**Q** 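Dropping the structure in here first, questions after.
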Amino acid sequence: MSFLERVCACLESYRVPYALVGGYAVALHGAPRGTIDLDFIVRFQEKDFIDLETAFNSIGLKSRLPVTAKQVFQFRQEYIEQRNLIAWSFVNPNNPIETVDIIITKNLFDCSTVNRDLGKLIVKVLSKKDLIEMKQESGRAQDLLDIKALERL
């Protein structure tokens with residue numbers, strides 16, 4: 001089972017509503033893109049943040065920062081505005097290539113998703129429209145290239 005499949009299956013088993021975003025989402029929409037880390041958004045509800053942290057810990061992923069789910073949820077806006085933190089990152093200390101970023105600037109509640117069948121698992125991916133909008137807000141060079149690729153589809 002791939003890292004993506006393991007993470008998504010874990011989120012499903014802990015009933016954490018999510019959407020895959022970032023490079024993997026671009027690729028699953030049909031625009032091949034190389035990337036290593038996984039990026040997700042979740043609902044801005046304390047229970048979802050706590051369940052997400054528990055789920056990730058269960059598969060060996062640990063927060064890169066010394067913060068808890070409750071702290072990230074409670075101080076999310078402060079972290080964004082005063083510390084320029086846009087993602088809560090997790091890493092497998094035994095395999096550092098296994099990294100996951102939870103984007104804390106975008107609420108899943110405000111977005112739509114599509115399902116992508118990976119064979120053994122259905123993955124929830126941010127809709128193409130919302131993914132393009134999210135990448136426009138970022139304005140990073142790679143995101144602008146992703147937008148062009150997505151618009152050609």
Side-chain angles (χ1 to χ4, degrees), residues 1-65 67-77 79-80 83-93 95-138 140 142-143 146-147 149-150:
M1 184 180 282
S2 73
F3 181 54
L4 172 62
E5 290 169 325
R6 282 191 2 251
V7 170
C8 291
C10 183
L11 291 171
E12 291 286 341
S13 72
Y14 280 83
R15 295 190 168 129
V16 177
Y18 72 89
L20 181 66
V21 299
Y24 274 94
V26 172
L28 288 175
H29 275 292
R33 156 112 134 67
T35 188
I36 295 174
D37 68 324
L38 301 176
D39 303 295
F40 293 92
I41 59 172
V42 296
R43 289 186 308 193
F44 291 164
Q45 292 187 3
E46 185 173 12
K47 180 186 182 324
D48 293 332
F49 277 59
I50 292 168
D51 290 347
L52 171 113
E53 181 179 45
T54 303
F56 283 175
N57 284 212
S58 79
I59 59 170
L61 297 173
K62 305 296 178 198
S63 177
R64 284 186 194 240
L65 297 175
V67 294
T68 66
K70 284 186 178 195
Q71 291 168 323
V72 174
F73 178 78
Q74 187 174 29
F75 300 109
R76 187 184 64 79
Q77 205 57 44
Y79 289 164
I80 293 167
R83 299 179 187 187
N84 204 28
L85 182 73
I86 61 166
W88 181 25
S89 296
F90 289 80
V91 65
N92 179 344
N95 186 2
I97 201 164
E98 293 185 345
T99 61
V100 178
D101 289 333
I102 303 302
I103 309 303
I104 63 171
T105 56
K106 192 79 165 173
N107 188 347
L108 176 62
F109 182 77
D110 300 324
C111 302
S112 60
T113 62
V114 296
N115 291 333
R116 292 292 184 251
D117 188 344
L118 297 186
K120 299 176 186 175
L121 183 71
I122 303 294
V123 174
K124 292 173 185 63
V125 179
L126 194 65
S127 71
K128 187 170 113 174
K129 175 187 165 291
D130 287 340
L131 187 58
I132 289 171
E133 179 184 300
M134 186 175 177
K135 288 185 167 291
Q136 285 171 332
E137 290 169 4
S138 162
R140 295 181 318 154
Q142 181 60 59
D143 290 327
D146 289 343
I147 291 167
L150 288 166

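These figures come from a predicted structure and were not determined experimentally. All values below come from the heavy atoms of this structure, side chains included, with hydrogens, waters and symmetry mates left out.
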**Q** Would I102 and F56 count as a side chain to side chain contact (heavy atoms under 4.5 Å, CB included) here? Give the steps.
**A** CA-CA 11 Å; I102 303 302; F56 283 175; 3.9 Å; yes
**Q** Do L20 and L4 come within less than 4.5 Å of each other through their side chains, counting heavy atoms only?
**A**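 Contact flag for L20/L4 side chains = yes.
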**Q** Going by side-chain contact (heavy atoms from CB on, under 4.5 Å), name the residues that satisfy it together with K70, two or more places apart in sequence or in a different chain.
**A**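 Partners of K70 by the side-chain contact (heavy atoms from CB on, under 4.5 Å) criterion, ordered by chain and then number, come out as E46, I50, T68.
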**Q** Once rounded to the nearest 0.5 Å, what's the spacing between atom CZ of F90 and atom CZ of R64?
**A**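 Here the rounded value is 11.0 Å.
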**Q** Between D51 and K47, does any NZ, NE, NH1 or NH2 come within less than 4.0 Å of an OD or OE carboxylate oxygen?
**A**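 Salt bridge flag = yes for D51 with K47.
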**Q** Of all the heavy-atom pairs spanning D101 and A87, show the shortest one and how long it is.
**A**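 The pair with the smallest heavy-atom distance is CB-CB, 3.9 Å.
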**Q** Within a strict 4.5 Å, meaning less than it, do heavy atoms of the P17 and D48 side chains meet?
**A**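 When only atoms from C-beta onward are counted, D48 and P17 do touch, with a gap below 4.5 Å.
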**Q** I'd like to check the side-chain contact (heavy atoms from CB on, under 4.5 Å) partners of S138; sequence neighbours left out, ordered by chain and number.
**A**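 Partners of S138 by the side-chain contact (heavy atoms from CB on, under 4.5 Å) criterion, ordered by chain and then number, come out as R140, D143.
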**Q** Will you find, in the side chains of N57 and E53, an N or O donor that is under 3.5 Å from an N or O acceptor?
**A**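 Looking only at side-chain atoms, E53 and N57 do not form any donor-acceptor pair under 3.5 Å.
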**Q** Check salt bridge (charged side-chain N to carboxylate O under 4.0 Å, His left out) between R6 and all other residues, then give those that pass, not counting sequence neighbours.
**A**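 Scan of R6 (salt bridge (charged side-chain N to carboxylate O under 4.0 Å, His left out), adjacent residues dropped) gives E98.
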**Q** What closest approach, in Å, do C10 and I59 show between heavy atoms, and which atom pair accounts for it?
**A**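 Looking at all heavy atoms of both residues, the shortest contact is SG-CG2, 3.9 Å.
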**Q** Please answer whether the main-chain N or O of I104 pairs with a side-chain N or O of R76 as donor and acceptor at a distance below 3.5 Å.
**A**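 Looks like yes, one N/O pair under 3.5 Å.
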**Q** Find the distance between NZ (K120) and OG (S2) and round it off to the nearest 0.5 Å.
**A**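 Going from NZ on K120 over to OG on S2, the span is 8.5 Å.
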**Q** Closest approach of V125 and A25, non-hydrogen atoms and distance?
**A**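 Nearest heavy atoms, V125 then A25: CG1-CB, 3.7 Å.
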**Q** Compare all side-chain heavy atoms of L85 with those of L65 and state whether any distance is below 4.5 angstrom.
**A**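 Heavy-atom side-chain distance check passes, below 4.5 Å.
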**Q** Nearest 0.5 Å, what's the CE-CD1 distance between M134 and I147?
**A**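 Rounded to the nearest 0.5 Å, the CE-CD1 separation comes out at 11.5 Å.
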**Q** List the residues meeting side-chain contact (heavy atoms from CB on, under 4.5 Å) with A9, not counting sequence neighbours, and say none if there are none.
**A**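 Partners of A9 by the side-chain contact (heavy atoms from CB on, under 4.5 Å) criterion, ordered by chain and then number, come out as L121.
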**Q** Just wondering, are more than 12 heavy atoms of other shown residues or ligands nearer than 6.0 Å to CD1 in I86?
**A**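 Counting other residues, nucleotides and ligands, CD1 of I86 stays at 12 neighbours or fewer.
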**Q** Quick one: which residue pairs count as a ring pair (Phe, Tyr, Trp, His ring centres under 6.0 Å) with a foot in residues 18-45, not counting sequence neighbours?
**A**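 Listed by first then second residue: Y18-F40.
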**Q** Side chains of V67 and F75: does their closest heavy-atom pair fall under 4.5 Å?
**A**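 No. Closest side-chain heavy atoms not under 4.5 Å.
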**Q** Tell me, with the steps shown, if L108 and T113 meet side chain to side chain contact (heavy atoms under 4.5 Å, CB included).
**A** CA-CA 9 Å; L108 176 62; T113 62; 3.9 Å; yes
**Q** Report, as yes or no, whether the 6.0 Å neighbourhood of atom CG on D117 holds more than 12 heavy atoms from other residues, nucleotides or ligands.
**A**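 Yes, enclosed.
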**Q** By the definition side chain to side chain contact (heavy atoms under 4.5 Å, CB included), identify the one residue from V16, V42, V123 that meets it with L11.
**A**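 Per the side chain to side chain contact (heavy atoms under 4.5 Å, CB included) rule, the option paired with L11 is V16, out of V16, V42, V123.
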**Q** Any side-chain heavy atom of Y14 within less than 4.5 Å of one from L52?
**A**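 The answer is no, as the side chains (C-beta and beyond) never meet within the 4.5 Å cut-off.
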**Q** Using the side chain to side chain contact (heavy atoms under 4.5 Å, CB included) rule, pick out the option among I41, I103, V26 that qualifies with L126.
**A**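 One option only clears the test, and that one is I41.
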**Q** Hey, could you give me each pair passing side-chain hydrogen bond (donor to acceptor under 3.5 Å, both in side chains) that has a residue in residues 122-132? Not counting sequence neighbours.
**A**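 Sorted pair list: E12-K124, S112-S127, S112-D130, S127-D130.
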**Q** Does some side-chain heavy atom of W88 sit less than 4.5 Å from a side-chain heavy atom of Y79?
**A**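 Y79 vs W88: side chains apart.
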**Q** What is the minimum heavy-atom distance between A149 and A31, and which atoms define it?
**A**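 Heavy-atom minimum between the residues: CB-CB, 3.7 Å.
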**Q** Would you confirm whether R116, through its side chain, and L28, through its main-chain N or O, come within 3.5 Å as a donor-acceptor pair?
**A**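 A pair under 3.5 Å: yes.
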**Q** Which pair of heavy atoms, one from G22 and one from L131, lies closest together, and at what distance?
**A**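 What the structure gives for the nearest pair is N-CD1, 4.0 Å.
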**Q** Given side chains that start at C-beta, do those of V7 and L61 come closer than 4.5 Å, heavy atoms only?
**A**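 V7 reaches L61 side chain to side chain.
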